Amino acid sequence: MPRLRFWLLTAALTISGCGGPYPQSTLHPRSDFGRAVDHLFTDIFWWAAGVFVVVEALLVIVLIRFRHREGRPAPKPTHGHTVLEIAWTLAPAVILVFVAVPTVRTIFATAGDAPADALRVEVTGHQWWWEYKYPDLGITTANEMHVPVGRPVQVAITSADVIHSFWAPALGGKRDAIPGHVNRIAFRADAVGDYSGQCAEFCGASHANMRLRVLVDADSVFQAWVKTEQGGPAAPATGSLAARGKEVFLHSPCLACHTIQGVSPGVIGPNLTHVGSRGTIAGAIFPNDSAHLASWIADAPSLKPGSLMTRMKPPLTDPDIAALVAYLQSLK
Amino acid sequence: MSEATGGGLKSWLTTTDHKRIGLLYFWTAFAFFLVGGVEALVIRLQLAHPDGHLVGAETYNQLFTMHGTTMIFLALMPLGSSFFNYIVPLQIGARDVAFPRLNAFSYWVFLFGGLLLNASWFAGPLFHAGVLNVAPDAGWFGYANLTERQYSPGPNIDFWLLGLQILGISSLAAGFNFVVTILNLRAPGLKMMRLPTFSWMTLVTNFLIITAFPVITVGLLFLMFDRFFGTHFYVREAGATPVLWQHLFWLFGHPEVYILILPAMGIVSDVLPTFSRKPLFGYTVVVYSGILIGFMGWGVWSHHMFSVGLGPIADSVFAATTMLIAVPTGVKIFNWIATLWGGDIRGTTALHFAVGFIAMFIIGGLSGVSHASPPADLQQTDSYYVVAHIHYVFFGGTIFGLFAGIYYWWPKMTGRLLDETLGKVHFWLQFIGMNLAFFPMHFIGLLGMPRRVYTYSPDLGVSDLNLVSTIGALLIGLSILILVANLWRSRTHGAPASNDPWGGATLEWGIPSPPPPYNFSVIPTVESRLPRWRTERHGPMKDPPARPPAPIHMPGGSWWPIVAAFGLPVMALAPLTHTLWVVFVGAAILLFGIYRWAFEPFEV
Ligand code: HEM
Ligand SMILES: [Cu+2]
Ligand SMILES: [Cu+2]
């Protein structure tokens, strides 16, 4: 059955001229949580499709059969029919029981508790980027979450400012990030991959630009990533452009907002200790390359409306920016 | 009497005639409907392609906020009110509503509230905002704590909360008025279970209004105190929680969606019998399920909050109540189909829209059930899938129902028939347009596009679907232009309407179109549920005579409702501009208006 629904949907999409792949699709679950939700939705979908066909067909038949014709005798004034009315009250009620039972079962099965040995990740929503902390591993990073394939993950979600919602559709449903509350989801990823997601609760100007990635790694890859992240920032070679960039960093407002382990303590923006190893920046909306880094540092709000990384005053010179870019890229 | 019948601006500004107020509501709501529609088109043009550049993030956020707020509070609710005003007194055999001046007050407060909200599009310079438009920008649901001064420092949210407070006063005043009117002013013999279905649903709706609006009023007052006086109702740092707002908002918000759909259901329940020449099948069931929905609508609000993390028990309970409410909703569909069954169905434009309502509402109801299941909803909520749902119920439901009402009652309201050919072109364009616009949104949402985003990435694979949706929206726009042309044309070219162009069963069809100021030359005595039709036990009633046997004196107009109403937007200017004395000026105007109103001689 799920197959058939998948083909129906795909057919509909093909007719409309869309090709795949759909990196944010809810119909291609890649975790136990995602699959549980998808099964439930598939059940409901078929009930709904059945009801839809029956009722719409009835409507069309009635309209054709009883359309006005000259000479038709005046209709009989029927006022009701108790048995019929009881029947069509009970029918939807019974169908809804068939929906409600698996619903409640899935609610409890996906309530967010992972086994005790699960990898713990703490997600904090910020306007408009995501912060991830791995409390057991001592790692802090942003926008791109790494998890190992096949191992249970316990995600705790909260917010530092307004309400956001953490959503990586392939891995399961969304949960709101609410200041003062901690919400939990749990999942075990099925397949290695790069899954995209984004904030789903309207959170201000750049809500649309608050995207994210979850990278599900093979275990060895994940362990290697953990190793790098646990290490300090790479030290730039003396005399290199990157070394000059570090000087600029230390003498500009950057350090008030960004942490680089052992270099600066700021906590307003993302931790930059290993920013060079990330694939994207600024809420996963731009590739992490020199051009984007340079224009980001020069004028973030013009790239991302409302961004809280304001334009630097006084503005940085082009050589300073180039040096900063080199430094940031060296932070692998 | 003179003022109530004469022409001229003054007669409209001072009118207390429910028919004139109904027309004022109609044209004002229709104008706001066009404004909301233009906002929607800009939204769709922006989203026609990924990475759209038509408008920026800030403007887009204002557009979707104002689109939702406008459509719900300034277009659909007051379009419903225009029929409450015009039609309900005629259906119940009354000369006017219970409190005619309060009725005028409701209208003027609505107009001023709507103008105040929309003034925000141009008010930037007043606040040295550096831009022209400072319209509300946190969504029609205005989630705290984004709406707190800390995160929304500008006047945008002030406009929203003050505008909604003012509109709430209008809705509450009108709500009490219609409840009293329907309960107390029915013609002799018009027992509750003989009441036309539209009047019944109007009654239920207005009960919902007078119970639901206080809830949002409280929520908005808290927000107002937070924003202006530094209280902390929704501030986490002070130990409160922004989730409180969500509870208050949806405790109002869910009844509100029934406030929007029940009148349309009432219209459909009146239109179908007329055009299939059969009584409504299971009148009692339709009425009682409407009442039941009104009650049950209070127990489902947290289905808007399944992603908030209320816990598995709360989620299960609200899933169950939500699925339960689908039963009385679904039952009505079967009753409507059974009404058509065995009928002699005349395919007028009004019938087209009523049937379109059923066909589209089924889809919205079914997607509703799919997000009544919390785990499934975790993938759907705040995605375009929900946008599809709300448009199948609001557009496919409420708007199709209200348009059925327009084509049905326009002859009664203006004395002119609308053109049926244009009407059917309008219907088919709108029907095709809406399905093109909203059906793809199911897929767009399931493929992972969140709602309330001003842009999306081409990587999502939803670009073509979005383009189709935009084309559908443009078709809808075209269909609405045809409606406008039809309405406009009918003023001069519409065929004159007889008392009863459709062969209707209810009282409004027994009097002239449009009715005289006193409505009924003689108040009718009602003996059956379908007084103007022959039933098993009753022949059709005799319509009231063309001339009243004795002169009927109707109360004249009054200036005081509009004066009192004007005090409210003036009061709102005070917090908007942070100028204390203005509030006293506004309050003085309001009190002066009320005082003079209270001591106005009853007969002018
Ligand atoms: C069978 C009946 C219905 C059921 C079971 C149902 C269920 C739901 C549920 C569970 C939601 C929350 C979805 C989410 O945000 O994830 C929802 C949203 C909504 N529903 Fe319905 N619904 C029904 C009928 C209606 C009707 C009749 C209307 C109004 C005419 C309506 C208007 C809305 C609106 C406006 C929202 C979205 C509010 C927002 O987030 O902005 N629904 N519905
Ligand atoms: Cu967001
Ligand atoms: Cu609801």
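Remember, it's a predicted structure, so these values are computed and weren't measured experimentally. Protein chains get the first letters and strands the later ones, always in sequence-line order, with residue 1 at the start of each.
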Specify the closest pair of heavy atoms between [X] and [Y], including all atoms of both residues, with the distance to one decimal.
| X | Y | value |
| --- | --- | --- |
| B:D382 | A:A200 | CB-O, 2.9 Å |
| B:R452 | A:H207 | O-CD2, 3.2 Å |
| B:G461 | A:Y22 | O-CE2, 3.4 Å |
| B:L378 | A:F33 | CD1-CZ, 4.1 Å |
| B:L146 | A:Q127 | CD1-NE2, 3.8 Å |
| A:P77 | B:P279 | CA-CD, 3.6 Å |

Once the angle between the rings of B:F334 and A:W88 is folded into 0 to 90°, is it parallel (under 30°), tilted (30 to 60°) or perpendicular (over 60°)?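 B:F334 vs A:W88 ring planes: parallel.
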Working to the nearest 0.5 angstrom, can you tell me the gap between [X] [atom1] and [Y] [atom2]?
| X | Y | atom1 | atom2 | value |
| --- | --- | --- | --- | --- |
| A:F98 | B:M323 | CZ | CE | 13.5 Å |
| A:S25 | B:L460 | OG | CG | 10.5 Å |
| A:F52 | B:I362 | CZ | CD1 | 7.5 Å |
| A:T103 | B:D315 | OG1 | CG | 11.0 Å |
| A:R72 | B:I345 | CZ | CD1 | 7.5 Å |

Flag the one option from [options] with the top tally of heavy-atom pairs under 4.5 Å to chain B.
| options | value |
| --- | --- |
| A:P169, A:C199, A:P92, A:A109 | A:P169 |
| A:H81, A:R67, A:E201 | A:E201 |
| A:G306, A:A93, A:A208 | A:A208 |
| A:G80, A:A205, A:A91 | A:G80 |
| A:G172, A:A170, A:A111, A:A36 | A:G172 |
| A:L63, A:I178, A:L59 | A:L59 |

Pick one of side chain, backbone, both or neither for B:Q246, based on which atoms fall under 4.5 Å of a heavy atom in chain A.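 For B:Q246, the contact with chain A is made by the side chain alone.
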Sole residue of A:L40, A:I44, A:D43 in side chain to side chain contact (heavy atoms under 4.5 Å, CB included) with B:S370: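 Among A:L40, A:I44, A:D43, the one meeting side chain to side chain contact (heavy atoms under 4.5 Å, CB included) with B:S370 is A:I44.
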Portion of [X] that has a non-hydrogen atom of chain B nearer than 4.5 angstrom:
| X | value |
| --- | --- |
| A:W47 | neither |
| A:K76 | backbone |
| A:R184 | neither |

Flag, side chain of [X] to backbone of [Y], donor-acceptor distance under 3.5 Å:
| X | Y | value |
| --- | --- | --- |
| B:N145 | A:D161 | yes |
| A:T26 | B:L446 | yes |
| A:N183 | B:V308 | yes |

Identify which one of B:F64, B:Y151, B:Y454, B:Y60 satisfies the ring-ring contact (aromatic ring centres under 6.0 Å, His included) criterion when paired with A:F202.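 Going through B:F64, B:Y151, B:Y454, B:Y60 one by one, the ring-ring contact (aromatic ring centres under 6.0 Å, His included) with A:F202 is satisfied by B:F64 alone.
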Take A:C203 and B:Y143 through the test side chain to side chain contact (heavy atoms under 4.5 Å, CB included) and record every step on the way to the result. CA-CA 9 Å; A:C203 55; B:Y143 271 12; over 6 Å; no
Can you check side chain to side chain contact (heavy atoms under 4.5 Å, CB included) on A:H181 and B:T241, steps first, answer last? CA-CA 9 Å; A:H181 292 243; B:T241 167; 3.0 Å; yes
Side chain proximity check, A:W167 to B:Q379, heavy atoms < 4.5 angstrom: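 A side-chain contact under 4.5 Å exists here.
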Under the side chain to side chain contact (heavy atoms under 4.5 Å, CB included) rule, what do B:S457 and A:R211 come out as? Steps first, then yes or no, please. CA-CA 10 Å; B:S457 157; A:R211 303 185 194 158; 3.5 Å; yes
